[in-house]
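Every chain is numbered from 1 and lettered A, B, ... according to where its sequence line falls, protein lines coming before strand lines.
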Amino acid sequence: MRANPIPETPDQTNPDSGGVAEERLLETRVQKAANLRARGIDPYPARFKPTVTSIRAVARLEAREAKLGEGAKTRSVTIAGRVMARRGMGKAAFLDIKDADGKIQVHARQDVLGADFAILDDLDIGDIVGVKGPVFRTRRGEPSVEARSFTMLTKAVRGLPDKWAGLQDIEKRFRQRELDLITNDRSMALVRTRSAIVSAIRRFMEKQDFIEVETPVMVNVAAGASAQPFQTHHNALNRDLYLRIATELHLKRLVVGGIDRVFEIGRIFRNEGIDAEHNPEFTTIESYQAYADYNDVMQMVEDLVSSVAQSVTGSMIIPSLNESEPDIDLTPPWPRLDLRTEIMNRTGIDFLNENEVESLSGAMRERGIHVEDGLPWGRLLDKVISAEVEPHLIQPVFLVDYPTEMSPLAKHKPEDDRIVERFEAFAIGTEFANAFTELNDPVEQRKRFEEQERLRQSFGDDEMDRLDEDFLVAMEHGMPPAGGLGLGIDRLSLLITGERSIREVIAFPQLRRLD
RNA sequence: GGUCCGCUAGCUCAAUUGGCAGAGCAACUGACUCUUAAUUAGUAGGUUCUCGGUUCAAGUCCGAGGCGGAUCACCA
């Protein structure tokens, strides 16, 4: 055992760098790395090749046991992973090693390991190591790698959170997600599930002959949705640019160009509040399909969501994570509820009658719905939906046929220009998809945008959709009839994982910086 | 943005009415060759989120602020 020098006077030069105790813990481990170097051992070697993962190593042992019976040993394997626990017994030690697949125990004995055993003097929980040797089963039945050689792969100079309780502090879990992943299996599972969801979506779309594209994130006009954009600046062009708030308009231009089935999975940015359902950057899939209408898209959405759930979780029924909420059954078909009827049933308000700001806001006040002054009609009605209808939509459902004024990019019904062919998909009280039969009449599209601009002027509402001249010119060249979809991947991940906070399904959610 | 709740050792948590800030894990010095929350003897570790106030005395009470959570408002 070598003595680790403890600083006689704590470092006062940088009082913000953490407590003295923390500094000392770090210093101790840095010293251990130096100890290894002094003995000619690189604590950060560049290469190491494991031959099996923990799970495969155990599988090999089981196969061997099936053939040879109890007491069987495999041929030598090589594993690598992080030391999660350590039980030392003088001239022997047990280590729990965690890799990408799971955990396996390592048994290190001085007589077996020889010189490498001395590495354990400078080993800490949290270090990443490589171990080579046969897999056997201990007397207590634990599959274990009998260490014949032992390699330090990465000396960690900070310790892990509590080995039993893990990292519990919610704020730390989000700010230091890597520690959350190391110690909390649920967090790792959520990252993997989200990845599987995106992968399944991509396979679903490709199977239906959609092609995936990438369109600009930085745009001259943040159009295609109602939201405030983030602003940035390009120095060489000396132009202000915006981060996109939707991928819609570029994708439609690709449909004009002849890509009949197109989709993009991408990040969009909305300069708005942050809460359990909103992160300022979030991921959507938007798709556009020529010669389809919103009924086709509706069917695609329920097929997509249910089959993604099936392939990711093995079931279309998502079990509730707590007693107070029901399981969610994603099995298609989902009910199609007429929006106007649904609002009337919930509130008695008929949006075709209350078609002026005054009458609608009056009706809302009568119903006890808080009305903010200065909002245009469409935003008011949106509020009625989100306050009075949306919270009741727990099982998956489509709300169908929206007012034209709140849907500037959707085609109106053939028999009624006050209503557009649009639906939104809801579950767990939250909207997760929005789709319509796309408006492709360029003259009407221009009129609708101009109306949005007029509303923006008169209401001073920064969130109205904006007029994008490049898009309008494209439409003037003719876009085939098409059905379009926007679906929130984060929201879908909430639905499929059973989580209720978007921060749980985003690896690094936006948080206020610590100063 | 409003309201409520939380912030104590590296991690997980205690601390009675305002009365000496404590435990487990991790760490450090030892013992220990089949343990698995190993066992075992000892040691060290604190700006109780920050600033101010009340008080003989503040982790605890009051005020302001920071960060987070829940909820309402707004958005997807």
Specify the separation, in whole Å, of atom [atom1] of [X] and atom [atom2] of [N].
X: A/Ile385; N: B/rA76; atom1: CD1; atom2: C1'; value: 13 Å
X: A/Leu120; N: B/rA27; atom1: CG; atom2: P; value: 13 Å
X: A/Phe136; N: B/rU35; atom1: CZ; atom2: C1'; value: 10 Å
X: A/Leu380; N: B/rA73; atom1: CG; atom2: C1'; value: 14 Å
X: A/Gln510; N: B/rG69; atom1: CD; atom2: C1'; value: 17 Å
X: A/Ile506; N: B/rA76; atom1: CD1; atom2: C1'; value: 12 Å
X: A/Glu23; N: B/rG45; atom1: CD; atom2: P; value: 15 Å
X: A/Ile170; N: B/rA70; atom1: CD1; atom2: C1'; value: 10 Å

Remember a base hit wins even if backbone is also touched, and classify [X] as base, sugar-phosphate or nothing at under 4.0 Å, heavy atoms.
X: A/Ser226; value: sugar-phosphate
X: A/Asp490; value: nothing
X: A/Phe269; value: nothing
X: A/Asn271; value: nothing
X: A/Phe282; value: base

Could you tell me how far [M] sits from [N] if I compare only their [atom1] atoms? Round to whole Å.
N: B/rU55; M: B/rG65; atom1: C1'; value: 23 Å
N: B/rG42; M: B/rC62; atom1: C1'; value: 44 Å
N: B/rA21; M: B/rA57; atom1: C1'; value: 14 Å
N: B/rC11; M: B/rU54; atom1: C1'; value: 35 Å
N: B/rA27; M: B/rG63; atom1: P; value: 43 Å
N: B/rC13; M: B/rG6; atom1: P; value: 15 Å

Taking only side-chain nitrogens and oxygens of [X], does any of them come within less than 4.0 Å of OP1 or OP2 of [N]?
X: A/Arg491; N: B/rA76; result: no
X: A/Arg500; N: B/rG69; result: no
X: A/Arg513; N: B/rC67; result: no
X: A/Arg503; N: B/rG69; result: yes

Between [X] and [Y]: side-chain donor-acceptor atoms closer than 3.5 Å:
X: A/Arg140; Y: A/Gln105; answer: no
X: A/Tyr294; Y: A/Asp401; answer: yes
X: A/Arg244; Y: A/Thr215; answer: yes
X: A/Glu421; Y: A/Thr437; answer: yes

For the pair A/His107 and A/Phe136, name the ring-plane relationship: parallel under 30°, tilted 30 to 60°, perpendicular over 60°.
-> tilted
Among the candidates [options], find the nucleotide nearest to the side-chain atoms of [X].
X: A/Leu511; options: B/rC28, B/rG69, B/rA73; answer: B/rG69
X: A/Ala276; options: B/rA70, B/rA26, B/rA76; answer: B/rA70
X: A/Arg512; options: B/rU35, B/rG68, B/rA76; answer: B/rG68
X: A/Arg140; options: B/rA27, B/rA70, B/rU36; answer: B/rU36
X: A/Ile125; options: B/rA70, B/rC34, B/rA26; answer: B/rA26

Answer yes or no: is there a donor N or O on one side and an acceptor on the other, between the side chain of A/Arg82 and the main chain of A/Gly126, under 3.5 Å?
-> yes
Expected output: side-chain A/Arg64 to main-chain A/Ala72 donor-acceptor under 3.5 Å | no
Tell me which donor-acceptor pairs under 3.5 Å the side chains of residues 506-513 of chain A have, and how far apart each pair is, sequence neighbours excluded?
residue, atom, partner, partner atom, Å
A/Arg513, NE, A/Asp515, OD1, 3.0
A/Arg513, NH2, A/Asp515, OD1, 3.2

Let me know which of A/Trp334, A/Phe432, A/Phe426 forms a ring pair (Phe, Tyr, Trp, His ring centres under 6.0 Å) with A/Phe398.
-> A/Trp334
Partner residues of A/Glu286 under the side chain to side chain donor-acceptor pair (under 3.5 Å) criterion, sequence neighbours left out | A/Thr247, A/Tyr288
Mind checking what makes side chain to side chain contact (heavy atoms under 4.5 Å, CB included) contact with [X], not counting sequence neighbours?
X: A/Thr183; value: A/Pro161, A/Leu167
X: A/Met89; value: A/Phe94
X: A/Thr154; value: A/Tyr44, A/Ile128
X: A/Lys103; value: A/Met84, A/Lys98

Going by heavy atoms closer than 4.0 Å, what residues in residues 94-112 of chain A are next to RNA chain B?
-> A/Phe94, A/Gln105, A/His107, A/Arg109, A/Asp111
Is there a residue in residues 84-93 of chain A whose heavy atoms reach under 4.0 Å of RNA chain B, and which residues are they?
-> A/Arg87, A/Gly88, A/Met89, A/Gly90, A/Lys91, A/Ala92
For RNA chain B, the dot-bracket pattern of Watson-Crick and G-U pairs whose distances stay under 3.5 Å, | for other-strand partners | (((((((..((((.....[..)))).(((((.......))))).....(((((..]....))))))))))))....
Map A/Glu424 and A/Phe174 onto RNA chain B by nearest heavy atom, then report which one ends up closer to the 5' terminus.
-> A/Phe174
Give me the distances for all protein-to-nucleotides 42-44 of chain B N/O pairs that come in under 3.5 Å?
residue, atom, partner, partner atom, Å
B/rA44, O2', A/Arg24, NH1, 3.2

Considering non-hydrogen atoms only, spot the tightest contact between A/Glu438 and A/Lys411 and give its length.
-> O-CE, 3.5 Å
Among residues two or more places apart or on two chains, list those pairs meeting salt bridge (Lys or Arg N to Asp or Glu O under 4.0 Å) that have a residue in residues 143-155 of chain A.
-> A/Lys73-A/Glu146, A/Asp124-A/Lys155, A/Asp127-A/Lys155, A/Glu146-A/Arg148
Would you indicate whether A/Arg56, at its atom CZ, is surrounded by more than 12 heavy atoms from other residues, nucleotides or ligands within a distance under 6.0 Å?
-> no
For nucleotides 11-13 of chain B, print each protein N/O atom paired with a nucleotide N/O atom at under 3.5 Å, atom names and distance only.
residue, atom, partner, partner atom, Å
B/rC11, OP1, A/Lys172, NZ, 2.8
B/rC11, O2', A/Asp162, N, 2.7
B/rC11, O2', A/Gly166, O, 3.4
B/rC11, O2, A/Asp162, OD2, 3.4
B/rU12, OP1, A/Gln168, N, 3.1
B/rU12, OP1, A/Asp169, N, 3.0

